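Fair warning: this is a prediction, and the values are worked out from it, not measured in the lab.
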Amino acid sequence: MDEGLSPRPEPPRRPIDSAGERFTPLEHPGLDSGTSREGLVMQVLATEHFSLLTHRSLAYNEAFTRVGMFLTFVSMSFVALALLSTAMDIERSFLVIAAIVLGFDVVIGATTAIRIGNANTEDLHAVQAMARIRHGYLELAPEAQPYFTAPVYDDVTSVLKAYTSADPSSMRSNLIYGLSTSGGMLGFVLALVSGAFGAVAMLAVGAPGDVAFLVGVIVAIGTFVASYRAGYQRARRNQASMVAHFPRPTGRVDD
């Protein structure tokens, strides 16, 4: 048999510990003798850091695009209904068409809200992963600590500092910050569209104007509260699922 076709020996496998998570160091036979292990670790961490930054950028771009699409649908719907109202009387047939159009906007908004929630979850875990990587940087170069402004510990409190300087345990701070985000703005607009849909639907079935207005207000408030509550509960579940490998030392106040 040709020697070049003979089976090559398998490289030694890296054993794992009892937790099944960490690998023991393995010397690679092809490494340059002048390459230090610290340098290799720094390269690996930097590569993973760049990968996480790219992932966050893609998630942000998709979230902003989806929100922009929803707002475009809403604006086009109202423009179309305004033009349609000039061509036909404001009666049951027009109200039915308006209810269908607004219902379509509500569905688009609800699916967009779900995607924004998933993107926020992905972003939170990416921020935690980058905090771990920065902790690894400091283990390799402790003198770089004064130059870091982002979290270097991966506990929940430290990671949330990357989003806002407010107290993450404060309900009021979470509410104000949530309303300032794209998800909060989306929930507010979706609540208004849902309220309009509820009012128009009531008018289409022959309800009086004051009753339709009251139903619209109730639907809008209920949608906003449900949206905020769902987002808050999702955030709490995500925070509870975060496992800290490098938590902030007790009594330490800086990152």
Side-chain angles (χ1 to χ4, degrees), residues 16-23 45 48-64 66-67 70 109-139 145 148-191 221-255:
I16 59 177
D17 62 7
S18 58
E21 294 180 353
R22 299 184 182 274
F23 290 90
L45 292 178
E48 179 65 11
H49 199 163
F50 179 78
S51 175
L52 290 170
L53 289 173
T54 303
H55 177 76
R56 288 193 72 193
S57 178
L58 292 175
Y60 268 115
N61 289 336
E62 182 185 1
F64 291 148
R66 294 289 295 270
V67 173
F70 169 65
T111 56
T112 302
I114 293 174
R115 182 62 191 110
I116 294 299
N118 293 335
N120 290 337
T121 299
E122 296 170 6
D123 185 73
L124 178 64
H125 289 288
V127 171
Q128 184 188 35
M130 287 191 289
R132 291 175 181 169
I133 291 176
R134 281 188 290 269
H135 190 89
Y137 290 155
L138 289 183
E139 289 183 348
Q145 183 172 5
F148 281 94
T149 57
V152 297
Y153 302 105
D154 64 345
D155 57 283
V156 175
T157 302
S158 298
V159 171
L160 293 181
K161 287 292 184 180
Y163 295 96
T164 176
S165 59
D167 182 7
S169 62
S170 172
M171 184 77 171
R172 180 173 176 271
S173 299
N174 284 315
L175 176 61
I176 295 175
Y177 175 75
L179 291 176
S180 67
T181 63
S182 58
M185 183 271 296
L186 173 65
F188 182 73
V189 175
L190 178 60
I221 295 176
T223 302
F224 180 77
V225 172
S227 176
Y228 176 79
R229 182 176 181 181
Y232 184 79
Q233 290 178 345
R234 175 195 288 270
R236 285 304 184 188
R237 287 196 302 268
N238 292 335
Q239 295 172 19
S241 66
M242 295 171 62
V243 178
H245 294 172
F246 307 103
R248 179 195 304 268
T250 303
R252 192 180 184 94
V253 296
D254 61 325
D255 283 335

Q: Rounded to the nearest 0.5 Å, how far apart are CD1 of Ile116 and OG1 of Thr111?
A: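 If we round to the nearest 0.5 Å, Ile116:CD1 and Thr111:OG1 are 10.0 Å apart.
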Q: Checking Ile221 now: which residues fulfil side-chain contact (heavy atoms from CB on, under 4.5 Å) with it, not counting sequence neighbours?
A: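 side-chain contact (heavy atoms from CB on, under 4.5 Å) list for Ile221, sorted by chain: Val217, Val225.
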Q: Who pairs with Phe188 by ring pair (Phe, Tyr, Trp, His ring centres under 6.0 Å), at least two apart in sequence or on another chain?
A: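 Counting only residues at least two positions away or on another chain, Phe188 forms no ring pair (Phe, Tyr, Trp, His ring centres under 6.0 Å).
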Q: Indicate the atoms forming the closest heavy-atom contact of Leu52 with Met130, along with that distance.
A: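 Result for this residue pair: CD1-CG, 3.6 Å.
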Q: Quick one: list whatever passes side chain to side chain donor-acceptor pair (under 3.5 Å) with Ser182, sequence neighbours left out.
A: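 Partners of Ser182 by the side chain to side chain donor-acceptor pair (under 3.5 Å) criterion come out as none, since no residue qualifies.
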Q: Can you list the residues that meet the side-chain contact (heavy atoms from CB on, under 4.5 Å) rule with Ala191, with sequence neighbours excluded?
A: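 Partners of Ala191 by the side-chain contact (heavy atoms from CB on, under 4.5 Å) criterion, ordered by chain and then number, come out as Thr223, Phe224.
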Q: With sequence neighbours left out, write down each residue that passes side chain to side chain donor-acceptor pair (under 3.5 Å) with Asn61, or none if nothing qualifies.
A: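 Residues passing side chain to side chain donor-acceptor pair (under 3.5 Å) with Asn61: none at all.
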Q: Of the non-hydrogen atoms in Phe70 and Leu186, which two are nearest, and what is the gap between them?
A: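 Reported closest heavy-atom pair: CD2-CD1, 3.2 Å.
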Q: For Thr181, what residues pass the side-chain contact (heavy atoms from CB on, under 4.5 Å) criterion, not counting sequence neighbours?
A: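 side-chain contact (heavy atoms from CB on, under 4.5 Å) list for Thr181, sorted by chain: Tyr177.
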Q: With sequence neighbours excluded, tell me which residues meet side chain to side chain donor-acceptor pair (under 3.5 Å) with Arg132.
A: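 Partners of Arg132 by the side chain to side chain donor-acceptor pair (under 3.5 Å) criterion, ordered by chain and then number, come out as Asp154.
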Q: With sequence neighbours excluded, what pairs up with Asp123 under the salt bridge (charged side-chain N to carboxylate O under 4.0 Å, His left out) test?
A: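 Residues passing salt bridge (charged side-chain N to carboxylate O under 4.0 Å, His left out) with Asp123: Arg56.
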Q: State, to 0.1 Å, how close Pro151 and Ser158 come at their nearest heavy-atom pair, and which atoms those are.
A: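 That would be CG-O, 3.0 Å.
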Q: How many angstroms lie between CD in Gln128 and NE2 in His245, if you round to the nearest 0.5 Å?
A: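 If I round to the nearest 0.5 Å, the distance is 7.5 Å.
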Q: Taking ring pair (Phe, Tyr, Trp, His ring centres under 6.0 Å) as the definition, give me every residue that meets it alongside His49, ordered by chain and number, with sequence neighbours left out.
A: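 By the ring pair (Phe, Tyr, Trp, His ring centres under 6.0 Å) rule, His49 matches Tyr137.
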Q: Could you work out, with side chain to side chain donor-acceptor pair (under 3.5 Å) as the rule, every residue matching Arg115, not counting sequence neighbours?
A: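 Result, side chain to side chain donor-acceptor pair (under 3.5 Å) vs Arg115: Glu62.
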Q: Can you sort out the partners of Arg66 under salt bridge (charged side-chain N to carboxylate O under 4.0 Å, His left out), two or more places apart, ordered by chain and number?
A: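 Salt bridge (charged side-chain N to carboxylate O under 4.0 Å, His left out) list for Arg66, sorted by chain: empty.
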Q: Please report the closest heavy-atom contact between Asp155 and Ala244, naming both atoms and the distance.
A: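 Residues Asp155 and Ala244, closest heavy atoms: CA-CB, 3.8 Å.
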Q: Taking all non-hydrogen atoms of both residues, which atom of Leu124 and which atom of Asn238 are closest, and how far apart?
A: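 Taking every non-hydrogen atom into account, CD2-CB, 3.7 Å.
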Q: If the condition is side-chain contact (heavy atoms from CB on, under 4.5 Å), which residues does Arg237 pass it with, not counting sequence neighbours?
A: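 Expected list: Gln233, Arg234.
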